[in-house]
Amino acid sequence: MKVLHLISGRGRWDAKGLAEELECSQRTIHRMLSTLSMAGVPWYFDEKFRAYRIRPGFKFSLAENAVLNPECEPQAANDKESFQDATERLIEDGEAFAESLTQFLEMLKRSVSTAGENKVAD
């Protein structure tokens, strides 16, 4: 979420700058960006400014905005109902994303394991 917050702001964040800010490797930043892509966040690298950005026109859902901006509270009863619905959908989507990510990781593990077995057989 921190990467998403940084690249959606006004700063100029490249992989090196993000890695320094988050105290991790540039490779970890690339993995985080890949995760954002799988979550449907349309980020890109702006060559002109040499920085990661979120595509213009992309809007976060009410629940996502609440996560990114927790100080903002829904005002009206309808907003609270919409917020509850959006939160439930976000949780469901997050669980589905986590499950697909788990399946993907298991597939990668099997692939590495199979490749290792084939290498030993050679």
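Predicted, not measured: the structure shown is a model, and the values here were computed from it.
When atom types are taken as modelled, the side chain of Thr35 and the backbone of Arg31 share a donor-acceptor pair closer than 3.5 angstrom.
The minimum heavy-atom distance between Tyr44 and Pro56, with the atom names listed, is CE2-CD, 4.3 Å. In plain terms, the two heavy atoms of His30 and Tyr52 that are nearest each other are CE1-OH, 3.4 Å. Looking at every heavy atom in both residues, Ile29 comes nearest to Cys24 through CD1-SG, 3.6 Å. Across all non-hydrogen atoms, the minimal contact from Ser8 to Leu4 is OG-O, 2.9 Å.
Follow the hydrophobic side-chain contacts under 4.5 Å out from Trp43 and you reach Met1 in the same cluster. Leu22 and Leu36 fall within a single hydrophobic cluster, where Ile, Leu, Val, Met, Phe, Trp and Tyr are joined by side-chain heavy atoms under 4.5 Å apart, directly or via other members.
Remark: Glu47 CD is packed, more than 12 non-hydrogen atoms of other residues, nucleotides or ligands lying under 6.0 Å away.
Remark: Arg12 engages no residue in a side-chain hydrogen bond (donor to acceptor under 3.5 Å, both in side chains) (not counting sequence neighbours).
To the nearest 0.5 Å, atoms CZ (Arg53) and CH2 (Trp13) are separated by 11.5 Å. Note that NZ of Lys2 and CD of Glu21 are 5.5 Å apart. Values are rounded to the nearest 0.5 Å.
Inter-residue side-chain proximity for Val41 and Ile7 is flagged as unmet; no heavy-atom pair is nearer than 4.5 Å.
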